[in-house]
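What follows is a short report on a single structure.
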Amino acid sequence: MLHVDPIFAATSTASAYAAGGVSALPSSAAGGEALPPPFTIGAVLTETRLDSWLAVGLVLAAGIYLYGVHRLRVRGDHWPVARTVFFLGPGLGGIALVTVSGLHAYDTALLSVHMVQHMMLSMVAPIFLALGAPMTLALRTLPQRPRKRLLAIVHSRIARVYSFPLVAFAIFVVNPFVLYFTDLYRFTLEHAWAHELVHAHFIMTGCVFFWPLLGLDPLPGRWPYPARALLMVLSVPFHTVLGLTVMQSTTLFGGDWYPSLGLDWADPFDDQVLAGGILWAGGEFVSVTMLAVLVVQWIKQSEREARRVDRELDRQEARERAAKSAA
């Protein structure tokens, strides 16, 4: 990070333009894209982009998932509608909302928009992708050979290591600090391919963390519910620390990148404070909400286990009565 005095930056930039040292304000952001217009709802709608590789990937993922659901229904098997809604709606739809919609035009111009993307890609969308149980759907619809390969991948040593809750927790917590408190963030602003790679990394990190905690798919080494709830609680302070650090920082993240854009409708320092508030409040809200979801899952699992025990006791009593009658 580089300290930038807002008054000095404004006066020095204006002087340079007046003296003819700089021909014009920067006309492009990362990857040579044109600078966006002032941030409004209308601009977000008009700047929507449907020609990116991510848009194609989202359409393919939705089509494959729906095809699997269709195969189950043709076969006469049941698939919960809620899982389909979770996967397609807040899951894939959440990713599209912050990457394919007009928000993408502002992700290298406003730190606050980038933080909204961060929250959606790493905390919100992965949760609903996990609740959609796509792996279970694949195991129920794939032919025998592909199904065996998928099971081999799920139970491989690499999958066991990365899905182990403590490893996933460490990756989930450390990643934002590595990104924002090193020169890596400035690099992603200057190179569009690196920025897109960070988006994919956010999604993968969120899936690795939330899938073992809240997901419905069969994963090896899944922790019991009390341990999962404890891990979820421990993740809350890290978002608070990171958000408050961003809000209280006297230096701009990305160095002089945001002032150099010359956006007369946005102040980089005010936007950074807003970005920290989004990270702080959003992180706590999602963590607490997901803790509640985890508790609900815990209660339902306990109820299922109680019903299973009751059925087993009923069967034992029936066998005892049958044995007495025979005697």
Side-chain angles (χ1 to χ4, degrees), residues 1-40 43-44 47 49 98-99 102-122 174-202 239 241-283:
M1 293 185 296
L2 171 70
H3 178 75
V4 180
D5 188 320
I7 299 178
F8 173 77
T11 55
S12 60
T13 303
S15 300
Y17 297 148
V22 180
S23 59
L25 288 171
S27 60
S28 62
E33 296 183 358
L35 291 176
F39 186 85
T40 62
V44 171
E47 294 292 325
R49 178 185 61 183
V98 297
T99 57
L103 284 178
H104 84 277
Y106 298 90
D107 59 0
T108 57
L110 295 173
L111 182 61
S112 57
V113 172
H114 172 79
M115 288 302 179
V116 172
Q117 289 181 324
H118 180 159
M119 297 299 302
M120 178 61 71
L121 297 179
S122 65
V174 171
N175 273 346
F177 290 92
V178 173
L179 174 63
Y180 297 121
F181 293 96
T182 65
D183 293 333
L184 179 60
Y185 182 62
R186 175 60 184 259
F187 184 82
T188 64
L189 293 174
E190 295 174 342
H191 301 84
W193 64 267
H195 203 74
E196 296 293 334
L197 189 61
V198 167
H199 288 169
H201 182 69
F202 280 159
H239 293 99
V241 171
L242 182 59
L244 290 177
T245 302
V246 173
M247 293 179 67
Q248 298 174 358
S249 177
T250 58
T251 59
L252 285 176
F253 287 78
D256 62 347
W257 171 266
Y258 293 110
S260 70
L261 297 179
L263 302 178
D264 57 0
W265 47 268
D267 179 79
F269 283 90
D270 292 341
D271 185 65
Q272 182 164 297
V273 173
L274 176 61
I278 292 173
L279 191 60
W280 174 23

Between V116 and I278, the two heavy atoms sitting closest are CG2-CD1, 3.9 Å
When every non-hydrogen atom of R186 is compared with those of G254, the smallest separation belongs to NH1-O, 2.8 Å
_Donor-acceptor pair, side chain of D256 and main chain of P259, under 3.5 angstrom_ = no
For T251 and Q272 the tightest heavy-atom approach is O-NE2, 2.8 Å
- Query: Are any of the side-chain heavy atoms of F202 and L179 separated by less than 4.5 Å?
  - Reply: yes
### Message
With side-chain contact (heavy atoms from CB on, under 4.5 Å) as the criterion, how do V198 and L121 come out once you've worked through the C-alpha distance, each side chain's angles and the decisive distance to 0.1 Å?
### Response
CA-CA 10 Å; V198 167; L121 297 179; over 6 Å; no
**Message:** Please check: side-chain N/O of T245 versus main-chain N/O of V241, any donor-acceptor pairing under 3.5 Å?
**Reply:** yes
Is the shortest heavy-atom distance from the side chain of T108 to the side chain of H114 under 4.5 Å?
no
To the nearest 0.5 Å, atom OG of S112 lies from atom CG of L279 at 12.0 Å
When rounded to the nearest 0.5 Å, the distance separating CG of L103 from CE of M120 is 9.5 Å
Check your understanding: Do W280 and H239 touch side chain to side chain, with heavy atoms closer than 4.5 Å?
Key -> no
Check: Can Y180 and H118 be counted as having a side-chain donor-acceptor contact under 3.5 angstrom?
Finding: yes
Heavy-atom nearest pair, L242 first then P176, reads CD2-CB, 3.4 Å
**Report entry** Worked check of side-chain contact (heavy atoms from CB on, under 4.5 Å) between Y185 and T188
**Finding:** CA-CA 5 Å; Y185 182 62; T188 64; 3.8 Å; yes
Residues L110 and A266: closest non-hydrogen pair is CD2-CB, 3.7 Å
Side chains of H195 and E190: does their closest heavy-atom pair fall under 4.5 Å? no
Tightest non-hydrogen contact, residues F269 and T250, listed as CE2-O, 3.9 Å
Donor-acceptor pair, side chain of Q117 and main chain of H104, under 3.5 angstrom:
no
| said: Counting the benzene-type ring for Trp, do F181 and F253 have ring centres under 6.0 Å apart? | reply: yes
To the nearest 0.5 Å, atom CG of L261 lies from atom CG of L263 at 5.0 Å
Rounded to the nearest 0.5 Å, the OG atom of S249 sits from the CG atom of L244 at a distance of 12.0 Å
Please report the C-alpha distance between F187 and D183 in whole Å, then the side-chain angles of each, then the deciding distance to 0.1 Å, and finally whether the side-chain contact (heavy atoms from CB on, under 4.5 Å) criterion is met. CA-CA 6 Å; F187 184 82; D183 293 333; over 6 Å; no
With a 4.5 Å cut-off on side-chain heavy atoms, are Y258 and D271 touching?
no
Show the numbers, then the answer: is there a side-chain contact (heavy atoms from CB on, under 4.5 Å) between Q248 and V273?
CA-CA 7 Å; Q248 298 174 358; V273 173; over 6 Å; no
Sorted by chain and residue number, the ring pair (Phe, Tyr, Trp, His ring centres under 6.0 Å) partners of Y106 (sequence neighbours excluded) come out as F39
